[in-house]
Amino acid sequence: MQTANQKVGKADIYIKWIMFTAAITGLAILTAFYPIEANIPIVVIPSILVLILAKPVFFEKLKLTTLLTMRIAIILAAFRLFNPQVYVDVIMLMLIVNILEATLTDLLRYKKYFNAISGFAVAIGVVVLRGIWQFDAPFGDYYLAKGALPIITIMYAIAYTIWNWIFVTNEFSPSVALMHVGFLLAPLLGCLCTIGLGAYGGIGMWLLLRANSLSIGGWMQIGAKDWFEREYYNQKFDKFVQWTKQTPVQIICMIINLVLIGACIVLMMQNGGITFTFAPLAAPTV
């Protein structure tokens with residue numbers, strides 16, 4: 001029989017997770033619209049402090065440094081020191097690199113062949129997204145990334161989320177994996193929160209919000225990993241994570257991802273095809 005303290009403890013985990021996910025969602029939206037005013041205090045400064053004070057291991061330092069570099073780059077783009085569209089083009093390339101990095105980890109370190117196949121498919125699927133800086137946005141300064149049809153972006157976001165979730169469960173403990181559920185949900189929740197902006201919000205903001213939640217999560221996870229390991233452990237969630245690691249489950253996830261990415265590519269080819277144009281480096285004059 002469960003004691004009252006055990007019941008309170010379980011409720012405590014859920015409450016902390018809900019509050020954490022809501023906070024990450026809000027911060028991701030804020031840093032999306034305001035890459036200078038919000039990005040500097042919420043991402044850049046904490047990341048620098050964590051790199052200096054937390055003394056992360058080499059892999060953590062490399063990952064956080066990469067995220068920090070891209071955060072600084074978007075600040076420079078917002079200041080129009082170069083064409084912001086160039087930044088968006090680089091982000092699309094970095095997305096492919098980031099996915100391939102994780103995919104090779106799944107393949108070579110963990111021998112998770114089915115999720116590796118999903119990862120390669122998700123990396124190829126980046127070609128269905130077109131990133132465009134919103135120079136004419138009614139407020140804020142940001143970019144959107146979407147396919148020719150909203151359903152293309154939705155399917156890609158779902159495929160990425162499934163693939164990344166499986167990767168996270170291979171790479172981290174169940175406690176940290178629970179934290180990453182919040183990081184993966186935040187961009188999707190943020191899309192719902194901004195859907196009222198019409199063409200300037202909604203699912204088109206998913207990639208930007210994902211980049212922001214990942215950047216915020218980078219310094220949080222490294223700076224407070226012991227706290228998350230201790231406070232986010234849940235036995236039932238641990239069992240769920242172990243269930244997702246079973247071969248039949250991973251095969252099903254792989255099939256779903258391949259179907260989603262395949263559908264994205266087919267729909268994109270039917271609606272204007274896959275195109276890319278290099279943007280000039282110089283910032284456009286207003």
| Stepwise side chain to side chain contact (heavy atoms under 4.5 Å, CB included) check, Phe172 with Met179 | CA-CA 10 Å; Phe172 305 113; Met179 177 186 71; over 6 Å; no

| field | Set of side chain to side chain contact (heavy atoms under 4.5 Å, CB included) partners for Val88, sequence neighbours left out | value | Gln85, Trp133, Tyr143

| task | Identify the residue among Asn98, Ile96, Val97 that makes a side chain to side chain contact (heavy atoms under 4.5 Å, CB included) with Leu100. | result | Ile96

| request: Look at the side-chain heavy atoms of Ile, Leu, Val, Met, Phe, Trp and Tyr, link any pair under 4.5 Å apart, and say whether Leu67 and Val44 land in one connected group. | output: no

| Any side-chain heavy-atom pair from Met155 and Leu267 closer than 4.5 angstrom? | yes

| task | Measure the spacing between CG of Leu129 and OH of Tyr156 and express it to the nearest 0.5 Å. | result | 6.0 Å

| said: Is it the case that over 12 heavy atoms from other parts of the model lie below 6.0 angstrom from the CZ atom of Phe135? | reply: yes

| said: For the CZ atom on Phe276, are there more than 12 heavy atoms of other groups (residues, nucleotides or ligands in this structure) within a distance under 6.0 Å? | reply: yes

| Which residues satisfy the ring-ring contact (aromatic ring centres under 6.0 Å, His included) test with Phe139, sequence neighbours excluded? | Phe33

| Can you list every pair that meets salt bridge (Lys or Arg N to Asp or Glu O under 4.0 Å) and has a residue in residues 125-145, with sequence neighbours left out? | Arg80-Asp141

| Spatial distance of atom CZ (Phe237) from atom CG (Leu178) [nearest 0.5 Å] | 4.5 Å

| task | Among residues two or more places apart or on two chains, list those pairs meeting salt bridge (Lys or Arg N to Asp or Glu O under 4.0 Å) that have a residue in residues 162-172. | result | Arg109-Glu171

| Is there a donor-acceptor pair under 3.5 Å between the side chain of Ser47 and the backbone N or O of Trp219? | no

| request: Starting at CG of Leu144, measure out to CD of Gln134 and round the result to the nearest 0.5 Å. | output: 4.0 Å

| Got a second to check how far Asn170's CG is from Thr244's OG1, nearest 0.5 Å? | 8.0 Å

| query | Between CD1 of Ile24 and NE2 of His180, what distance do you get to the nearest 0.5 Å? | reply | 10.5 Å

| query | To the nearest 0.5 Å, how far apart are CG in Leu189 and OG1 in Thr21? | reply | 7.5 Å

| remark: Contacts satisfying salt bridge (Lys or Arg N to Asp or Glu O under 4.0 Å) that involve residues 214-234 (not counting sequence neighbours) are Lys16-Glu231, Glu60-Lys225

| request: Say whether, by atom type as modelled, one donor and one acceptor occur between the side chain of Lys55 and the main chain of Ile52 under 3.5 angstrom. | output: no

| request: Could you tell me which residues satisfy side chain to side chain contact (heavy atoms under 4.5 Å, CB included) with Tyr233, sequence neighbours excluded, listed by chain and number? | output: Ser175, Gln235, Asp238

| query | Cluster question for you: counting only ILVMFWY and a side-chain heavy-atom cut-off of under 4.5 Å, with indirect links fine, are Leu95 and Leu214 together? | reply | no

